[in-house]
Each structure stands twice: as C-alpha cells, then as structure tokens.
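Below is one structure; the comments refer to it alone.
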Amino acid sequence: MSQEKRSSFTGKIGFVLAAAGSAVGLGNIWRFPYLAAKYGGGIFLLVYILLAVTFGFALMIAEIAIGRKTGLSAIGAFKLLNKKFSFLGWLAAIIPAIILPYYSVIGGWVAKYLWSFISGGAFQTANDTYFGNFISQTGEPISWFILFIGITALIVLCGVEKGIEKVSKIMMPVLVVLSLFIAIYSVCLPGASEGVKYYLLPDFSRFSATTVLAALGQLFYSMSLAMGIMITYGSYMKKEVSLEASVTQIEIFDTGIAFLAGMMIIPAVFVFSGGTPEALGKGPSLMFVTLPKVFESMTGGTVVGALFFILVFFAALTSSISLMETVVSIVCDKCKVKRGVSCLIVFIFSVALGLLSTLGYGIWSEVKIIGLQFLDFFDFISNSVLMPVVAFFTSIFVGYVIKPKTIADEVEISGKFKRKALFEVVIKYLAPVCIILILVSSVLDAFGIFKI
Ligand code: PFF
C-alpha cells in the first residue's frame, strides 16, 4: 500500500477529462472502426451500444468506486477489500503491461503519418502500398515506436496533474470538433450512402457470439475497463465529485468519438474501395489506408489531415500515459522503488515486448502464435481472453463478495445513485452469465463445434 498522499484531480471536469483522456484513444479512432467494418457494421454498433449502457456503465462505476474507496490501485485495492481476491488485482495489472507495448507501436505509426502530413509527403500516404511498405520495414517503425513510448515515459515521470490533465483539457474538445467535421465530409462524399447504411442499419443475420465477444472486448478496451485503470483513476478522485454523472459523461464522450470515427472511415471504405468484404476486413490497417484517401480528396486535405493526426497522436498519448501510469504505480508500490526507477523498468520491458510486435509485421512475419502475428496475438490475448475473465471475476467480486451495496454507498457519498437498480442487476446476474456464455460459445465457435 502506498503511504504517500495520492495527488488528486482538480474538480469534476479535471477528473472527467483525464479519465476520458485515458478512455478516448486509438481504441476509438483506430480499433472501433475496423471492428465495426469487419463484424457487420450496424449489428456491431447496436451490440456495442447495448453493452456500453449496461456492462460498461456497471463496470466503470464499480471500478472507479473501488479505487476511490480504497485510495489504491488495482492490486492493493482488491487485496484490501478481500485477501482471497488479490489474484484479481494481479490479473488486471498484467493487461496494461501487455497492451502498452503494442499500443505504442501503433502510436508510432500515427506519429509517422503525422510527420508525413507536416513534412509535405501527405498524399503519398494515400497510395495503396504505402502502409504495407512502411510497417514491413525494420528501422523506421522501430524508431517511431521508441519515440512514442519515450515521450510517454517522460510525461509519466512528471506526475499525474502536470502531465495528464493539461494535455487532455486542451486536446479533447478540439478532437470532437474535428472528428465531427471529417465525419460530415465523409458522409457527403458521392457513393457514401451505401456505407452509411452498412454502418447504421443492423443486419441481424450477421449476429453471432463472435460479434458479441468482439464488441465486449472493444468495450473494455475503449473504456479502459477490466484492467485496473479506472481503479487507479478512481483512487485520484475526490469524494465530493459525482461518480455517476462522471461515468455517464465519460461513456458519452468515449462512445461518441468511436461512433464518429466509424462515420469518418466506414463510408469512405465504400467510396474508395467499393465496400468489398476484403476492403471491410482490412483489420488494423483500415484507418491508415482509408483516411489518407479521404484527405487527398478534400480541398485543404493536407492541413486537415495534419491536424487530425496531431489530435489522434495526443489522444493516443493520453491513453498510453494512463497505461504506463498504471503499470509504473504498481511497480512503485510492489517493488518499493522510486518512480524514476519504476519508469525505467517499465520502459525497458515495453520496448522489448513492442519490438516483437513491430518486427512481427516485418522480418518476423512468418512467426505466428495460434495463427496470429505478434501484435494481433497480444491484442487477442488481452481483449478477448484476459479482459472478459477479469470482468467476470470483478462482477462476482462486487455482486457476491463485497456486495453491490459497498459500491452504492461509495457512489452515494457524492449524490443520489439514480441507476442503482440497473447496476445491481447487471453486476449480479447479467454480466457474469453473459460473459461466461459469450466466452464458451465463442471458443466452441472457434473450433467449429457450435455456432449461435
Ligand atoms: N481506452 C484506450 C483507447 O480506447 O484507446 C486504450 C487504453 C488506454 C486501454 C488505457 C487501456 C488503458 F489502460
């Protein structure tokens, strides 16, 4: 347990923006659109929103309340509340340590695109082969990755308020406005309407357990849930700040940006690549291949593109800061080392793991783990396996061990808990049952045994 007094966020808006800074990132802008494109558009969007207002809401409120109540990050918090559940803190703590390295690899890709846009090479990026050529090299992606994670480490060294709050406060609102502008532009492109339909109208024949699992993993990833992050953030939150209102705002913010990112990218896939299954199933490269084409088609596209990549860069940075902050504070607390030493340890570990992800798209592209490249493997293991497992145990822990009342009491310190009944039903029944069903059926599905 950390004996030092924890620094805290100044006021509600500071907390919401900082937590939104953690939540809004590559998950919204890069990951959400490619999953939505791949898993049937409208049906994915619908499932995602339903999960956000139930699972997302309940888990986020539980995690922030646990953090604020204990004043500790995940490991200490679970241990303090019940010794038998210490394992859950550790399990949760592994996840940001797995995500941070590959997240920074993608942060590096964004930095590279940003550089291309401001150094006059903007429209080369619109070339179909540009992205593939770039990530398959060795030195360049590694340099951008190390630059990105190096900047993250420097900011984490400077501490919570100075580093995170200031950056988030300026960048987040600008990101919303620019995303709105680009989304409107995309939707108005000739031929975009097919894409808009694909994205907004659910096709129920595409519903499957895999869609739900993908949406669930994305929900956790996007809202920084089921990995101890929101517990850490909660530990910095003041008692007088309304927990429920903050959670609602973070969710609206986070889902809003993801939705807009889908609007920017998915109709454009139909415009520029015909909306074929191959074009829609591009996966991690979708944003990097599609958006430059949008900017190329736009008057003043270089400037808009540059501005866009600056904002995505900062959104990614605030998220990677929160990932690193969590890992660093755990290493500080557990290994009893100073912050500087802890930052160095986390930095070195992340560079080592991140190198696997970068090289996995280049000279080691032949190496596959369960059929996946390193980056995709790390993404799969954290989002589709570990996070659902942590979310399952968290709901059991809150629903049956400390009881929903413990959370409700913490929420009620700062005002009425309006959706208490919803919270209880989700955390006690809906979440544990659904997560198990989804996990089991998607595993069976993966082995071709049974299909919903
Ligand atoms: N929520 C972030 C995003 O959507 O990009 C990603 C993320 C940040 C995941 C922080 C986990 C985390 F701890």
Side-chain angles (χ1 to χ4, degrees), residues 16-36 48 51-52 56 59-60 63-64 67 73-74 89 91-110 148-149 152 155-156 160 163-164 167-168 171-172 175 179 214-236 247 250-262 284 287 311-330 346 350 375 378-379 381-384 386-388 390-391:
V16 170
L17 284 177
S22 159
V24 175
L26 294 170
N28 308 61
I29 299 159
W30 156 78
R31 202 170 186 278
F32 181 86
Y34 91 64
L35 288 179
Y48 184 86
L51 290 175
L59 257 184
M60 190 180 289
E63 291 197 9
I64 297 180
S73 43
L91 202 59
I94 297 172
I95 301 173
I98 298 179
I99 296 181
L100 175 65
Y102 85 80
Y103 199 84
S104 304
V105 168
I106 300 153
W109 297 350
V110 171
F148 186 88
I149 195 153
T152 306
I155 299 178
V156 169
V160 176
I164 307 179
V167 183
S168 318
M171 292 295 170
M172 287 290 123
L175 182 65
S179 302
L216 193 68
Q218 172 60 18
L219 176 75
F220 298 148
Y221 187 93
S222 184
M223 297 199 180
S224 309
L225 295 173
M227 55 189 113
I229 303 270
M230 284 298 157
I231 299 184
T232 308
Y233 270 69
S235 73
Y236 295 126
V247 167
I250 299 164
E251 283 211 300
I252 292 177
F253 212 77
D254 190 76
T255 311
I257 301 231
F259 175 76
L260 284 179
M287 169 180 118
L311 293 168
V312 176
F313 178 79
F314 275 97
L317 199 59
T318 47
S319 295
S320 63
I321 291 166
S322 108
L323 282 163
M324 194 181 249
E325 169 67 39
T326 305
V327 187
V328 164
S329 78
I330 289 168
V346 175
S350 305
L375 192 150
F378 290 132
D379 190 71
I381 238 6
S382 47
N383 287 273
S384 298
L386 290 174
M387 289 183 208
V390 170

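Both ligands and their constituent atoms are indexed starting at 1 by order of listing.
Using a distance-only test at 3.5 Å, with no hydrogens or angles considered, no donor-acceptor pair links the side chain of Ser22 to the main chain of Leu323. Remark: side-chain polar atoms of Ser384 are not paired, donor with acceptor, to backbone N or O of Ile381 under 3.5 angstrom. Not one N or O on the side chain of Thr255 forms a donor-acceptor pair closer than 3.5 Å with the backbone of Ile252. Not a single donor-acceptor pair under 3.5 Å links the side chain of Asp254 to the backbone N or O of Glu251. No donor-acceptor pair closer than 3.5 Å links the side chain of Glu63 to the backbone N or O of Ile229.
Of the heavy atoms in Asp254, none comes closer than 4.0 Å to ligand 1.
Residue contact check: Ser322 has heavy atoms under 4.0 Å from atoms 10 (C) of ligand 1. Ligand 1 places these atoms under 4.0 Å from at least one heavy atom of Leu26: 5 (O). Numbered from 1 in the order shown, with element, the atoms of ligand 1 that lie under 4.0 Å from a heavy atom of Ser222 read 1 (N), 4 (O). Listed by atom number, the atoms of ligand 1 under 4.0 Å from Ser319 heavy atoms are 2 (C), 5 (O), 8 (C), 10 (C). Per-residue contacts place Gly27 under 4.0 angstrom from the following atoms of ligand 1 (heavy atoms of the residue considered): 3 (C), 4 (O), 5 (O).
What sits closest to atom 12 (C) of ligand 1 on the protein, heavy atoms only, is Leu323 CD2, 3.1 Å. Counting only heavy atoms of the protein, atom 13 (F) of ligand 1 lies nearest to Ile229 CD1, 2.3 Å. Protein heavy atom in closest approach to atom 3 (C) of ligand 1: Ala23 O, 3.1 Å.
Residue contacts with ligand 1 leave out Pro96, since none of its heavy atoms falls under 4.0 Å from the ligand.
With Phe32 as the partner, the ring pair (Phe, Tyr, Trp, His ring centres under 6.0 Å) test is satisfied by one option alone out of Tyr48, Phe259, Tyr221: Tyr48.
Scanning both residues, Ile330 and Ser73, for their nearest heavy atoms gives CG1-OG, 4.3 Å.
Counting only heavy atoms from C-beta outward, the side chains of Leu225 and Met387 never approach each other to under 4.5 Å.
When Phe220, Tyr103, Tyr221 are checked for heavy-atom proximity to atom 5 (O) of ligand 1, Tyr103 turns out nearest. Remark: among candidates Met230, Arg31, Met387, Met227, the nearest residue to atom 11 (C) of ligand 1 is Met227, based on non-hydrogen atoms.
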